[in-house]
Structure formats: structure tokens, C-alpha cells
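Reviewing the structure listed below.
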Amino acid sequence: MDPIDSGSFRITMRRYGPSVHLLLAGEVDHEAEPAMTEMCAGLPEDVVAVACDLHHVSYMDVAGLHCVLTLQRHCRLHGVTVLVYNWQPQPLRLLHLALTSLDHVHDDDLRGLREILREHSEAQLALGIPTVLEASARAYPGRSRSPGRIRHPGPPPAAR
């Protein structure tokens, strides 16, 4: 299948029997939405599972998180199992922060995102890989482990 390009974002789709493997690459933001919509519309009707690999996603914003929700919602409506994996530190931190700030909201879409984060955390623990907070602490030094709070280093040191 031909790749779908949208600005600095690309989706490569490969079919393996009843499953589809999606490789997302680049920045998943508002420019990615048309490509994700096109990809969802182009999923074959006989697909039973979609595996979405985020290994090459360098950046994701809230619109990009919405793209993941769109994929998840589309698959759920068609009875397709979806697995989103290989989250990189920045998109994973965004997912964690979004879910933490919306902890009081009980919505089917958010329930799906919480499930993605839970599955990801369980897989990391089983493999001995650092959790989302440990990984984001390394990726974003100087920020606290408490989601949504930034530890400010204070004024810059005086020039000598």
C-alpha cells in the first residue's frame, strides 16, 4: 500500500493477513489529521487487528492525540482490535499529562487512552524498561515527576 503523506507526517500501511501494521513517522499534529482520516477510511473491511507503531513519531500535540483517538474510535466502531505501541518519550508524556489532567472525566475515548497507557506501563514493567515518568524525567531534565508541574531552576547564575 502506498504511504500517506501530510506535511511533516507519514503513514505507511502494510497488510499481514487479517491484520494491518501502521508505521507513523514525523510530527503528529493538526497537519496529520487528514492523513489519519484517509487511512481510517482506507482500512479494509475484513481487518480484525491494527497495530500502530509510533517509534518514528518525533512529536505529538493534542491534535495528534486526537488522531490516535480517531483511529481507536474507528477501529472500535468496526469491531477491530487496535494496539498502539513504541511510544516515544514526548508523546508518552503528553498522553500521561492529558490523562492525569482529565482523571475526573469518564468518557469512552478517554477510557481507551487510559487502557493504552496501562498496557504500555505493564509491558515496560515486564521488560524492565523505565515507566513513563522515569523516561520523561530523563527526556525533560529539570522538570518534576509530578505531572503538570515544572520545577523552575531560578534565576540564571551571575556572570563571572
Could you tell me which residues satisfy side chain to side chain donor-acceptor pair (under 3.5 Å) with [X], sequence neighbours excluded, listed by chain and number?
| X | result |
| --- | --- |
| Asp5 | Arg10 |
| His21 | Tyr85 |
| Asp53 | Asn86 |

Sequence neighbours excluded - ring pair (Phe, Tyr, Trp, His ring centres under 6.0 Å) pairs with any residue from residues 48-83: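 Qualifying pairs, neighbours excluded: His74-His78.
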Atom pair [atom1]/[atom2] of [X] and [Y] - distance to nearest 0.5 Å:
| X | Y | atom1 | atom2 | value |
| --- | --- | --- | --- | --- |
| Ser58 | Leu24 | OG | CG | 11.0 Å |
| Cys52 | Met39 | SG | CE | 6.5 Å |
| Thr12 | Leu23 | OG1 | CG | 5.0 Å |
| Leu54 | Met60 | CG | CE | 5.0 Å |
| Leu83 | Gln72 | CG | CD | 11.0 Å |

side-chain contact (heavy atoms from CB on, under 4.5 Å) with Thr37: which residues, sequence neighbours excluded?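 For Thr37 there are no side-chain contact (heavy atoms from CB on, under 4.5 Å) partners, ignoring immediate neighbours.
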Determine, stepwise, if the pair Val48 / Val80 fulfils side chain to side chain contact (heavy atoms under 4.5 Å, CB included). CA-CA 5 Å; Val48 297; Val80 177; 5.9 Å; no
Does some side-chain heavy atom of [Y] sit less than 4.5 Å from a side-chain heavy atom of [X]?
| X | Y | value |
| --- | --- | --- |
| Pro44 | Val47 | yes |
| Val82 | Leu71 | yes |
| Val84 | Val68 | yes |
| Leu43 | Val20 | yes |

Heavy atoms only: give me the nearest Ala35-Ser6 pair and the separation to one decimal.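 Scanning both residues completely, I find the closest heavy atoms to be CB-CB, 3.6 Å.
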For Leu94 against Val62, the heavy-atom pair lying closest together: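 Scanning both residues completely, I find the closest heavy atoms to be CD2-N, 4.0 Å.
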Return each pair, listed once, that meets salt bridge (Lys or Arg N to Asp or Glu O under 4.0 Å) where at least one residue sits in residues 19-44; pairs must be two or more places apart or across chains.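 For residues 19-44: none.
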